[in-house]
Peer 1: 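One structure follows; several queries about it will come next.
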2 protein chains.
Amino acid sequence: MGAMITSTPKMLSDSIRGAGLKVTESRLAVLKALESQSHADANTVFDSVKLDLPGTSLQAVYGVLTALTSAGLLRKIAPARSSARYELRTGDNHHHVVCTRCSAVQDVDCVVGEAPCLTPLHDSGFAIHTAEVTFWGLCPACQLTNS
Amino acid sequence: MGAMITSTPKMLSDSIRGAGLKVTESRLAVLKALESQSHADANTVFDSVKLDLPGTSLQAVYGVLTALTSAGLLRKIAPARSSARYELRTGDNHHHVVCTRCSAVQDVDCVVGEAPCLTPLHDSGFAIHTAEVTFWGLCPACQLTNS
DNA sequence: CACATAATCTTGAATTATTCAAGACAATTG
DNA sequence: CAATTGTCTTGAATAATTCAAGATTATGTG
């Protein structure tokens with residue numbers, strides 16, 4: 001579960017280049033950060049990136065996250081009440097559980113396997129391209145806290 | 001679809017009181033606004049409310065929306081890239097389609113009837129109380145616009 | 001119905017996440 | 001290695017939302 005991917009720099013470079021983007025230190029660092037810590041928000045990614053590249057600005061991280069997201073390398077999730085989170089786009093079909101209290105995010109596989117809820121609708125008039133399922137609840141740690 | 005509800009002031013008052021809250025002009029006005037325009041954000045609700053109660057502040061609207069939401073009278077939805085939207089809690093089980101371009105929101109019934117995707121999971125360790133499905137796509141109007 | 005009390009609203013300001021803009025700099029192409 | 005275009009840095013702006021203090025009001029009680 002949440003198996004940590006450990007890509008080589010070359011693999012990361014290739015995926016960035018393959019998406020038609022220039023390969024930069026910042027982009028490599030952001031991908032690396034998200035490999036070790038999925039569902040991180042911009043600020044958390046920023047903190048990780050700074051360890052390797054102290055000169056990096058928060059705005060650069062925002063730019064990289066936006067670029068990689070629209071290139072399809074990252075997936076952005078934005079649950080209510082918390083800042084946007086990012087994860088590597090693995091291609092598998094999973095959803096998220098978000099803690100109502102501390103905003104912790106965890107992956108969950110689709111309960112029903114083939115994701116029937118995600119079947120595109122044709123009667124709405126919308127041209128649907130994505131579906132997203134978010135579960136809300138209390139994470140194990142917050143269940144132990146009273147009130 | 002999206003059948004407009006037209007409650008009497010008495011009905012609205014009763015539901016507020018029934019939720020253990022004081023009945024105020026602002027709260028009645030917010031509920032009334034959301035009856036005629038579902039999925040409105042705080043600012044839109046504010047504009048509607050001002051028509052009846054010119055002295056109302058935006059902060060009051062935020063307060064009312066928060067109070068009514070935690071009392072269970074409203075449901076708050078917060079799709080990525082757009083501000084939070086509110087709708088009357090009707091008790092039925094429906095989801096939302098959000099336009100990727102203009103952020104329009106529309107209700108959709110659960111594709112599979114009994115909402116299997118919403119079955120609480122027990123293996124995640126989370127105490128799940130809510131599930132939310134959001135579809136993303138282009139609304140009919142935006143499909144006509146060229147990129 | 002007047003009062004007390006606690007909830008609610010108003011006004012004004014602060015926060016947080018995120019985006020914009022202009023110029024400096026760096027990655028790819030040839 | 002020079003040209004080009006994309007990307008990053010710095011500095012500031014925006015938008016949504018929240019906080020705080022005092023004024024006001026809804027509601028239960030006498």
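Note: hydrogens, waters and symmetry copies are ignored here, and every other heavy atom, side chains too, is used. Worth saying up front: this structure is predicted, and the values here are computed from it rather than measured. Here is how names work: the chains are called A, B, and so on, in the same order as the sequence lines, proteins then strands, and each is numbered from 1.
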Peer 1: Answer with base, sugar-phosphate or nothing: what part of the nucleic acid does B:Gly63 contact at a heavy-atom distance below 4.0 Å?
Peer 2: nothing
Peer 1: B:Val133 versus A:Glu132: any side-chain heavy-atom pair under 4.5 Å?
Peer 2: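 Counting from C-beta outward, B:Val133 and A:Glu132 never come under 4.5 Å.
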Peer 1: Report the distance from atom CG of B:Leu53 to atom P of D:dT25, rounded to the nearest whole Å.
Peer 2: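 So the two atoms are 13 Å apart, to the nearest Å.
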Peer 1: With a strict under 4.0 Å distance from non-hydrogen atoms of chain B, what nucleotide opens and what nucleotide closes the contacted stretch of DNA chain C, reading 5' to 3'?
Peer 2: C:dA6 to C:dA13
Peer 1: Which whole-number value in Å describes the distance from B:Glu25 CD to D:dT24 P?
Peer 2: 17 Å
Peer 1: Is the shortest heavy-atom distance from the side chain of B:His94 to the side chain of B:Arg75 under 4.5 Å?
Peer 2: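 SC-SC contact between B:His94 and B:Arg75 confirmed.
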Peer 1: Rounded to the nearest Å, what distance is computed from the CG atom of residue B:Leu28 to the C1' atom of nucleotide D:dA26?
Peer 2: 12 Å
Peer 1: Which heavy atom in B:Gly72 sits nearest to a heavy atom in B:Arg89, and how many Å separate them?
Peer 2: O-CD, 3.0 Å
Peer 1: Can you tell if the side chain of B:His96 reaches within under 4.5 Å of the side chain of B:Glu87, non-hydrogen atoms only?
Peer 2: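 Yes, at least one pair of side-chain atoms sits under 4.5 Å.
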Peer 1: Could you please name the option among D:dA26, D:dT18, D:dA12 that lies closest to any side-chain atom of B:Gln59?
Peer 2: D:dT18
Peer 1: What nucleic acid atoms does B:Ser57 come within less than 4.0 Å of, heavy atoms only: base, sugar-phosphate, or nothing?
Peer 2: base
Peer 1: Closest-nucleotide mapping onto DNA chain C: is A:Asp41 or B:Arg27 further toward the 5' terminus? I mean the 5' end.
Peer 2: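 The residue whose closest nucleotide sits nearer the 5' end is B:Arg27.
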Peer 1: Would you please test A:His39 and A:Tyr86 for side-chain contact (heavy atoms from CB on, under 4.5 Å) and show each step?
Peer 2: CA-CA 5 Å; A:His39 310 129; A:Tyr86 296 84; over 6 Å; no
Peer 1: Could one point to a donor on the side chain of A:Lys22 or the base of D:dT5 with an acceptor on the other under 3.5 Å away?
Peer 2: yes
Peer 1: Can you see if the side chain of B:Arg17 gets near the phosphate of D:dT27 - specifically, an N or O under 4.0 Å from OP1 or OP2?
Peer 2: yes
Peer 1: Which comes earlier along DNA chain C counting from the 5' end, the contact point of B:Gly20 or that of B:Leu58, where each point is its nearest nucleotide?
Peer 2: B:Gly20
Peer 1: Counting just side-chain N and O atoms, does B:Tyr62 come under 4.0 Å of either OP1 or OP2 of D:dT17?
Peer 2: yes
Peer 1: Does the side chain of B:Ser7 come under 3.5 Å of the side chain of B:Glu35 through a donor N or O and an acceptor N or O?
Peer 2: yes
Peer 1: When you match B:Asn43 and A:Ala67 each to their closest nucleotide on DNA chain D, which lands nearer the 5' end?
Peer 2: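 Counting from the 5' end, the first nearest nucleotide belongs to A:Ala67.
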Peer 1: Calculate the interatomic distance between B:Ile16 atom CD1 and D:dT25 atom P; express it in whole Å.
Peer 2: 17 Å
Peer 1: To the nearest 0.5 angstrom, please state how far the OG1 atom of A:Thr134 sits from the CD1 atom of A:Ile77.
Peer 2: 7.5 Å
